Asker: 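I'd like to ask some things about the structure below.
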There are 2 protein chains.
Amino acid sequence: MDEGLTIGQVSERTGLSVHALRYYEREGLMLGSVSRSHGGRRRYDATDVDWLLLCNRFRACGMPVSDIRRYAELVAAGPGNESERLELLRAHEDRVRAEVAQMQENLTVIAAKARLYEQHIAAGSAGTLWTGEAPSCLALEAMAARR
Amino acid sequence: MDEGLTIGQVSERTGLSVHALRYYEREGLMLGSVSRSHGGRRRYDATDVDWLLLCNRFRACGMPVSDIRRYAELVAAGPGNESERLELLRAHEDRVRAEVAQMQENLTVIAAKARLYEQHIAAGSAGTLWTGEAPSCLALEAMAARR
DNA sequence: GTAAGATCTAGAGTTCGCTCTAGGTCAAGG
DNA sequence: CCTTGACCTAGAGCGAACTCTAGATCTTAC
């Protein structure tokens, strides 16, 4: 009954599977190697959990495992490389901003299509009005249907 | 020299590789099978290209290939299933909205971290102020560095 | 006619991020 | 002491979405 959290407890707290936690460690994503109990089991501390929650954020916005490893290495190396860390964060920030913008643009197209289908369906079950005078956004489906 | 575009031309216009185009067809993502020239080569028309551009949007916001196939099947089946198409679009729309919201939240955390690193770096190269009084958002890195 | 280059098919291979298996070890309760 | 269940390592396997290979065929230009 040592100090610290077991891998199972950390799994619950982070939502990562125990397999994923071992994988993250193997891949060098932890800030140094996780400490072990007398019997050789992993014992995580609060910092480990916080770090893993941050990793979850990184992963959730598409940061590759290799970039997280790089960031972890910089942090583990201690003070003196803050500008490198910043560069990595900024690069990721930019990528995510671009991706969000892209997704929002695509979302408007998809939403527009959905709204048009709603109107079409609401306007009655007749397929008659549909083919031929479909607005540009549904012209594709209309044409395809005509084949 | 038949009508229509070759796979190479469509590749240029859509950004999809010729391999990906053949893969999409095999996977049932096209609205029916692409027509062929006398010699057995694919000939795409404008509708195919428009459809592929739409597929690109779908893919760019994370719609799985299997969902696109489903949507393609519905469109290819012709009028009468508009509410199913709508359901699929709406489900995807909701997922993307949630994902965008999540990404934006993560983005604020990452951006905050980046801003703090900027301040730290701007405040002079001293690592002294750093450890110990780091704001909450960088406490993790500070603690890790202290090990 | 012939050489080059685009395309064809079927199927194998790749990358990413886990996930699972096998065969043990360790810790706690009865 | 024995059982049960969480944990260990090393390494194989998996699903998604392509990507590439091999060997054949088609098209075009000279």
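If you're wondering where the values come from, they're calculated on a predicted model, not measured in any experiment. Residue numbers begin at 1 in each chain, while the letters A, B, ... track the order of the sequences.
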Asker: Which residues in residues 21-29 of chain B have a heavy atom closer than 4.0 Å to any atom of DNA chain D?
Answerer: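 Output list: B:Tyr23, B:Tyr24.
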Asker: To the nearest Å, how far apart are A:His38 NE2 and C:dA28 P?
Answerer: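 Those two atoms, NE2 and P, are 11 Å apart.
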Asker: Check every atom of D:dA17, C:dG17, D:dC8 against the side chain of A:Ile7 and return the nucleotide holding the closest atom.
Answerer: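 Nearest to the side chain of A:Ile7 among the choices is D:dC8.
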Asker: Does B:Ser11 use its side chain to pair, donor to acceptor, with the backbone of B:Leu16 at less than 3.5 Å?
Answerer: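 Indeed, once roles are kept as given, a pair shorter than 3.5 Å links the two residues.
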Asker: When you check the phosphate oxygens OP1 and OP2 of D:dT9, does a side-chain N or O of A:Arg36 lie under 4.0 Å from one of them?
Answerer: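 Checking A:Arg36 against D:dT9: at least one side-chain N or O falls below 4.0 Å of OP1 or OP2.
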Asker: On the 0 to 90° scale, with breaks at 30° and 60°, tag the B:Tyr71-B:Trp51 ring pair as parallel, tilted or perpendicular.
Answerer: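 The arrangement is parallel - the two ring planes meet at less than 30°.
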Asker: Given atom CE of A:Met63 and atom C1' of C:dC16, what is their separation to the nearest angstrom?
Answerer: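 It is 16 Å, rounded to the nearest whole Å.
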Asker: Compare the minimum distances between each of C:dC20, C:dG17, D:dC20 and the side chain of A:His19, then state the nucleotide with the smallest one.
Answerer: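 Of C:dC20, C:dG17, D:dC20, C:dC20 is nearest to the side chain of A:His19.
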Asker: Kindly determine whether B:Asp45 and B:Leu5 satisfy side chain to side chain contact (heavy atoms under 4.5 Å, CB included), including the steps that lead there.
Answerer: CA-CA 6 Å; B:Asp45 62 23; B:Leu5 300 163; over 6 Å; no
Asker: Give a yes/no answer on whether the side chain of B:Arg69 brings an N or O atom under 4.0 Å of OP1 or OP2 in D:dA16.
Answerer: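 Answer no for this pair, as no side-chain N or O of B:Arg69 is under 4.0 Å from OP1 or OP2.
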Asker: What nucleotide, of D:dC18, D:dT9, C:dT19, holds the atom closest to the side chain of A:Arg42?
Answerer: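 Looking only at side-chain atoms, A:Arg42 lies closest to D:dT9.
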Asker: Check B:Arg95 with B:Glu99, please: is the shortest side-chain N to carboxylate O separation under 4.0 Å?
Answerer: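 Not counted as a salt bridge, because no side-chain N and carboxylate O are separated by less than 4.0 Å.
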Asker: Ignoring backbone atoms, establish whether B:Thr6 has a side-chain N or O less than 4.0 Å from OP1 or OP2 of C:dT7.
Answerer: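 Yes, within the criterion.
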Asker: State the OG-NE2 distance between B:Ser83 and A:His120, to the nearest 0.5 angstrom.
Answerer: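 If we round to the nearest 0.5 Å, B:Ser83:OG and A:His120:NE2 are 9.0 Å apart.
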Asker: Could you state whether A:Met103 and A:Val109 fall into the same hydrophobic cluster, counting links through intermediate Ile, Leu, Val, Met, Phe, Trp or Tyr residues with side-chain heavy atoms under 4.5 angstrom apart?
Answerer: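 As far as the 4.5 Å side-chain criterion goes, A:Val109 and A:Met103 are not connected within one cluster.
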Asker: Quick one: does A:Arg41 reach the base of D:dA6 with a side-chain donor-acceptor pair under 3.5 Å?
Answerer: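 By the distance-only test, yes, there is a pair.
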Asker: Just the rounded figure in Å: distance from P of C:dC18 to CG of A:Leu52.
Answerer: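 It works out to 12 Å between those atoms.
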